[in-house]
Amino acid sequence: MQLPVRYHVMESVGPDDNSEANIVHAAATVDLDVAEVAIVLVDTWAGHPMPSHLERTGEICRTRIRPVLDAARAAGATVIYAPSPRVAPDFESFRHDSRETAPPDPPVDDWPPQEYRDTTGSYSSLRKRPGELPENYDGPIPDWFPIHGIDPSIPPMPGDVVVATGAELHAACKARGLVHLIYAGFATNICIRFRDYGLHAMRDRGYAPILLRDATSAIETRATIGSLSLTRAVILDLERWFYTALTDDLIAAFGEA
């Protein structure tokens, strides 16, 4: 299958022209063996503490991710859910039997001091207010608030895989001969980037992940929610390291395959 992608390049003619203004998008077409393709769904949860984010991601799951999964399964690609270590155990019948053990936690050093790590004592001024959860709230919690499950529009199906960690994702790929990891899910600026099964971690393992740029969304802020500009900025930044693609192009490629 052939998939149109884009990424960033430096369009200069020499060192004197090596300007930020010359970093531009480049288009390419990559050849993928469908048997080596995995759709990796990051944290496509059925619940979230921010209803605005949950509403937006639910719409993306229904209108963008679900059609991709239907096309992927029909073409014979693998679908892998990576819903975090707290959610993955709810789907044990789909779990990959990992033969790779996660690396041990690094030994705890005595520096920086524990008070600094905990932002207590003389370092208490460094403590931040919560960025996503209400502060000092002790009232009832609505059903949608806790992070749980997988969005009901995209449930795992027979033949799909669920992993909890980057080690499990790597082991599943190795066992099935998968090298092309095509990512969708949330949030673009957090878990897609920084989970141990996210883009950067899997790149460090030797993969060249591709992000579906219309099947993801960042956690926005008051300053960005109206235009979703944080999502767009993060995607632009990720295109320094990774290819991105569109869901319609991927569905068409699966259809041709």
Side-chain angles (χ1 to χ4, degrees), residues 1-9 24-44 60-61 63-83 94 96 98 100 154 156-163 165-186 188 191-193 195-217 231 234-257:
M1 55 184 281
Q2 292 189 315
L3 179 64
V5 295
R6 78 179 192 191
Y7 62 107
H8 273 128
V9 298
V24 298
H25 276 127
T29 299
V30 293
D31 296 316
L32 311 177
D33 183 341
V34 70
E36 298 177 333
V37 170
I39 306 298
V40 181
L41 303 179
V42 172
D43 295 2
T44 51
I60 292 171
C61 287
T63 64
R64 293 295 177 182
I65 296 178
R66 178 55 188 266
V68 165
L69 300 189
D70 291 343
R73 291 172 179 136
T78 301
V79 176
I80 301 179
Y81 293 78
F94 294 95
H96 175 73
S98 176
E100 178 181 339
I154 53 169
M157 304 291 286
D160 294 347
V161 181
V162 173
V163 300
T165 66
E168 284 189 26
L169 175 56
H170 175 63
C173 290
K174 186 174 182 179
R176 291 164 172 78
L178 305 170
V179 294
H180 304 301
L181 307 185
I182 302 179
Y183 274 72
F186 318 103
T188 326
C191 301
I192 283 281
R193 296 197 76 159
R195 285 282 197 186
D196 69 344
Y197 45 70
L199 294 173
H200 292 292
M202 297 311 287
R203 180 175 180 265
D204 289 344
R205 286 183 178 270
Y207 297 88
I210 300 170
L211 174 65
L212 293 176
R213 60 182 181 270
D214 59 341
T216 187
S217 184
T231 299
V234 173
I235 290 171
L236 287 172
D237 189 46
L238 286 170
E239 286 172 332
R240 255 175 217 283
W241 296 281
F242 307 99
Y243 289 130
T244 70
L246 294 172
T247 54
D248 285 347
D249 289 337
L250 179 58
I251 291 168
F254 279 137
E256 293 172 1

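Heavy-atom basis, side chains included; hydrogens, waters and symmetry copies ignored.
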Mind checking salt bridge (charged side-chain N to carboxylate O under 4.0 Å, His left out) for Asp43 and listing every partner two or more places apart, or none if nothing turns up?
Arg195
Is there a side chain to side chain contact (heavy atoms under 4.5 Å, CB included) between Arg73 and Phe254? Walk through the geometry before answering.
CA-CA 9 Å; Arg73 291 172 179 136; Phe254 279 137; over 6 Å; no
Can you list everything that forms a side-chain contact (heavy atoms from CB on, under 4.5 Å) with Ala208? Sequence neighbours excluded, please.
none
Considering residues at least two apart in sequence or located in another chain, which fulfil the side-chain hydrogen bond (donor to acceptor under 3.5 Å, both in side chains) criterion with Thr44?
none
Measuring from Phe186:CZ to Thr231:OG1, what's the distance to the nearest 0.5 Å?
10.0 Å
Does Leu236 offer a backbone N or O that forms a donor-acceptor pair with the side chain of His8 under 3.5 Å?
yes
In Å, rounded to the nearest 0.5 Å, how long is the span from CG of Leu32 to CG of Leu3?
6.0 Å
To the nearest 0.5 Å, tell me how far Leu199 CG sits from Cys191 SG.
11.5 Å
Residues 171-184 side chain polar contacts: donor-acceptor under 3.5 Å, at least two apart:
residue: Arg176; atom: NH1; partner: His96; partner atom: ND1; Å: 3.0
residue: Tyr183; atom: OH; partner: Tyr197; partner atom: O; Å: 2.7

Considering all heavy atoms, the nearest Ala257-Val34 contact:
CB-CB, 4.4 Å
Applying side-chain hydrogen bond (donor to acceptor under 3.5 Å, both in side chains), can you list everything that pairs with Asp31, at least two apart in sequence or on another chain?
Gln2
With rounding to the nearest 0.5 Å, note down the distance linking CD1 in Ile192 to CG in Leu238.
8.5 Å
To the nearest 0.5 Å, how far apart are CD1 in Ile39 and CG in Leu212?
6.5 Å
What verdict does the side chain to side chain contact (heavy atoms under 4.5 Å, CB included) test give for Met1 and Val37, after you've listed the backbone C-alpha separation in whole Å, the side-chain angles of each residue and the deciding distance to 0.1 Å?
CA-CA 10 Å; Met1 55 184 281; Val37 170; 4.3 Å; yes
Of the non-hydrogen atoms in Met202 and Gly166, which two are nearest, and what is the gap between them?
SD-O, 4.3 Å
Residue pair Gly185 / Ile65: nearest heavy atoms and the distance that separates them:
N-CD1, 4.3 Å
Compile the donor-acceptor pairs under 3.5 Å between side chains in residues 243-252 and protein atoms, sequence neighbours left out, one pair per line.
residue: Thr244; atom: OG1; partner: Arg213; partner atom: NH1; Å: 2.9
residue: Thr244; atom: OG1; partner: Glu239; partner atom: OE2; Å: 2.6
residue: Thr247; atom: OG1; partner: Arg64; partner atom: NH1; Å: 3.2
residue: Thr247; atom: OG1; partner: Asp214; partner atom: OD2; Å: 2.8

Please name the residue in the list Val161, Ile80, Val163, Val162 that meets the side-chain contact (heavy atoms from CB on, under 4.5 Å) test with Glu168.
Val163
Among all residues two or more places apart in sequence or in another chain, which pass the side-chain hydrogen bond (donor to acceptor under 3.5 Å, both in side chains) test with Thr216?
Thr188
Run the side-chain hydrogen bond (donor to acceptor under 3.5 Å, both in side chains) test against Asp70 and tell me which residues pass, sequence neighbours left out.
Arg66
